[in-house]
Amino acid sequence: MPVRSRHHRPLAERPPPPSQVLIGRTLQHGKIRAVEVGLGESGEIVAVGRSISGGRRHDLGEAVLLPAAVDLHVHFRSPDARVEGENWSSGTIQAALGGVGTVGEMPNANPAVSTASRLVERAERGRGRLAVDMVLFGALVRARDVAALGRVAGALKLYLAPTTGIDDPVDQDEAGELLRSAASTGLAVTVHAEDPAHFRPLGNATNPVEWDSARPLEAEEAAVERLLRNVPPSLRLHIAHVTSARVSERLRAAGHSFEVSPHHLLLHGRPSDGARFKVNPPLRSETERARLWEELTLGRVPCVASDHAPHDPEEKEGPFSLAPAGVPGVGTLLPLLLARARRGELSLSVLVQAACERPSLWFGVPGGRLLPGHRGGVIAVDFRRIERFHASRFPSSCGWSPFEGSEMIFPVEHWRGGERIVEGGEYTGRPTGSIVRPEYARN
Ligand code: DOR
Ligand code: ZN
């Protein structure tokens, strides 16, 4: 799969002495071993080894040190708290608690973030409110806006189907032109790939199984096939929220990046469930879900991402047909999968690659590995601290989760930029996160 590692520059020959040393255990060559991780002044990893001298020492005992995760796909909505609902502060605090150090904020705001000026205005409104770093997506809507958008966005998004905030998606002919313009920006492009030509009347659905019949897997397969036929060769293409093993195999064979979300990996559509489980693309059958999970466990899924869509509980309680689609998940992405790793259902190294290493390479942002020279955050995970999750754990207006009551393992500590932003599983940080762009975009 296409990844770039140029930004992981080796440090100068003599690395600076660490200002902090985290002592714990880590995963090395598939085994858990004792380790010390030296952090420099600004939080960069300067040394990793059995024994590191200098700096303040923090003994994390049995905890396993891992790179902070990168969530390629969130909807934090409003940069500030001007309107009710999720905002960049509450969203990034949930990310911090869940061990996510960088998030990709989607552009399906109202109006869509499809011009450079809208994107810059949003970035300004969000300044000083971020607990972790953020990559801002621009929406591909009009080809004439793309070059300027590409100079300020960190990544681009194309919606081929209607979804929250996108009533009028681009049609297939426009898509070709937009993708060609996007290719010349050099930025990564995430595509919401469902072909509405394969949708049945959506208004009739009354539960997640009917929603799945209305927006069936064929719609996803058709959109992906068409994309694969038309994708410009130089485009850094990434497909969002893939729901089936067949699509995963197809994209892998074609050499494209993609992501899978925990709700499609762990939940299936049930006729007894209500609109809280309405999401685009829909939850699929138990058979599809199990196959998709197997793809992940076999290391065949390049990235996991939450598609965090924090709709208010009141909006989700009305009639199914009127409820907005989407489920929250940025804070539970890693804790859910860490609990599965603890149970032996998923290898920790497969998880670290899919949640940390590959998303970070894909976005061109630092981090994702515990190696000298890396500048991402570090989390400490105590695998004995399994908890039953309640959404009230998070400071969010959303207040519910499709994973209520599930077993999770939250990081006990999260270090970023030389500061500890989570201690004893609680957020203790300051809003020191920034808007980041891929290192390759700056060249
Ligand atoms: O279910 C979804 N919700 N799918 C999307 O593509 C958008 C998202 C949202 O923004 O609420
Ligand atoms: Zn989304």
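All residue numbers in this chain count up from 1 along the given sequence. We count ligands from 1, going down the list as the structure has it; atoms in each ligand are counted the same way.
Salt bridge Glu86/Arg77: absent, no basic N to carboxylate O contact under 4.0 Å. The existence of a salt bridge linking Glu439 and Arg375 is confirmed by a sub-4.0 Å separation between a basic side-chain nitrogen and an acidic carboxylate oxygen. A salt bridge links Glu225 with Arg250: the distance from a Lys NZ or Arg NE/NH1/NH2 to an Asp or Glu carboxylate oxygen falls below 4.0 Å. Taking the charged nitrogens against the carboxylate oxygens, Glu174 and Arg142 have no contact shorter than 4.0 Å, which rules out a salt bridge. Contact check on Arg340 versus Glu407 returns no salt bridge, with no Lys/Arg side-chain nitrogen under 4.0 Å from an Asp/Glu carboxylate oxygen.
Taking backbone and side-chain atoms together, His241 has no N/O/S atom less than 2.8 Å away from the Zn ion (ligand 2). For the Zn ion (ligand 2), the set of nearby N, O or S atoms under 2.8 Å includes one belonging to His75.
The atom name of the N/O/S atom in Asp307 closest to the Zn ion (ligand 2) is OD1.
Ring pair Phe394/Phe389 is tilted by interplanar angle, where 30° to 60° counts as tilted.
Within 4.0 Å of ligand 1, protein heavy atoms belong to His75, Arg77, Asn108, Thr163, Thr164, His192, Val279, Asn280, Asp307, Ala309, His311, Ala325, Gly326, listed by chain and number.
Checked against side chain to side chain donor-acceptor pair (under 3.5 Å), Ser285 has no partners two or more places apart in sequence or in another chain.
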